[in-house]
Amino acid sequence: MSEMNNWNNEEFDEELARMLPHVDAPHGFAAKVIAAAEAPKKAKVLAFPQIRTWATGAIAAGVIVGALAVGDVHRRHEQQRAEAQRQFDAATQITDRVLARARQQVVKAGISLEE
Amino acid sequence: MSAQMGMESTEFRGLIEQHQRMVFSIALRVTGEYGVAEEVAQDVFLELYRGADKLESPDHTKFWLRRVTVNKATDSLRRKSRRPEAVAEEWMEEKFLPDGAAKLDPGMEARLEDLLRTLPEPMRIAVVLRHQEEMLPDEIAALLGQPVATVKSHLQRGLQLLRRKAAVTMKEYVR
């Protein structure tokens, strides 16, 4: 090899080409790549039950939340119905008392209500 | 290989065996790290596996492999903010030399590999494709999607830098 200081472009090109040969890939490289290429197919098969489990859990949670919400709405409706019934009963009692008092006053005044 | 993989995978294995040294060598000299180069090479072949039907000829396949390898290797460098000069020795052991390769002065060769790693990325890629892959500047330009003048400039400046550094740092190997 000539002195590096004196290398011209062509010599240096040749030296570079000689010094940059292809190197071997790591041992078992092809097998690793083929295994990795196959892996997604297996992953899909394995992933499906995981997705199904996850989806089942989500659906179950949704049903529970829905049931709780429906139960809550039903309870509120029941409370409102009971309150309305109580107010109706109270109003009916008041009306009955007022009517009874009015009847007494009319009778006292000598007015006949028999007709 | 399993039987159910069929013909496609037989072809795939053939393509790996045919091109793995080229792909791995480009990845190694661009990234400068053996493990990273292996990951890059694996990604390249997995992408080939997914899209091999789009490749029309052996030349097209080789062109595609070189381009994707360079792209993935540079992406890997940027992602890891890694400079290839960080790791120098591990893959220069004699066991990685191809069978029948000319026996070079290992010290000289290692130093040249070191110097190659100190080149800026565009110059290093151009030098690797020119001198390792023996591609012409216009082929490199087509592969990288750059003007030929840019490639020639990277080559010229890269070689100048290498020569200058070699002259300073490799005197001990020149007798």
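A quick note: this is a predicted structure, and the numbers were derived from the prediction, not measured. Numbers restart at 1 for each chain; the letters A, B, ... are given by sequence-line order, proteins then strands.
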Lys/Arg-Asp/Glu bridge criterion (N-O < 4.0 Å) met for B:Arg117, B:Asp114: yes
B:Arg13 with B:Glu17: basic N within carboxylate O range, under 4.0 Å: yes
B:Leu162 versus chain A, the contacting section by heavy-atom distance below 4.5 Å: both
Name each donor-acceptor pair under 3.5 Å that joins a side chain in residues 59-76 of chain A to protein atoms two or more places apart or in another chain, with its distance.
| residue | atom | partner | partner atom | Å |
| --- | --- | --- | --- | --- |
| A:Asp72 | OD1 | A:Arg75 | NH2 | 3.0 |
| A:Asp72 | OD2 | A:Arg76 | NH2 | 3.1 |

Greatest number of heavy atom pairs closer than 4.5 Å to chain A - which of B:Ala27, B:Ser25, B:Ala37, B:Ala41: B:Ser25
Parallel, tilted or perpendicular: rings of B:Phe45 and B:Phe12 (30°, 60°): perpendicular
Best-contacting candidate, B:Leu116, B:Val128, B:Leu46, B:Val127, against chain A by heavy atom pairs under 4.5 angstrom: B:Leu46
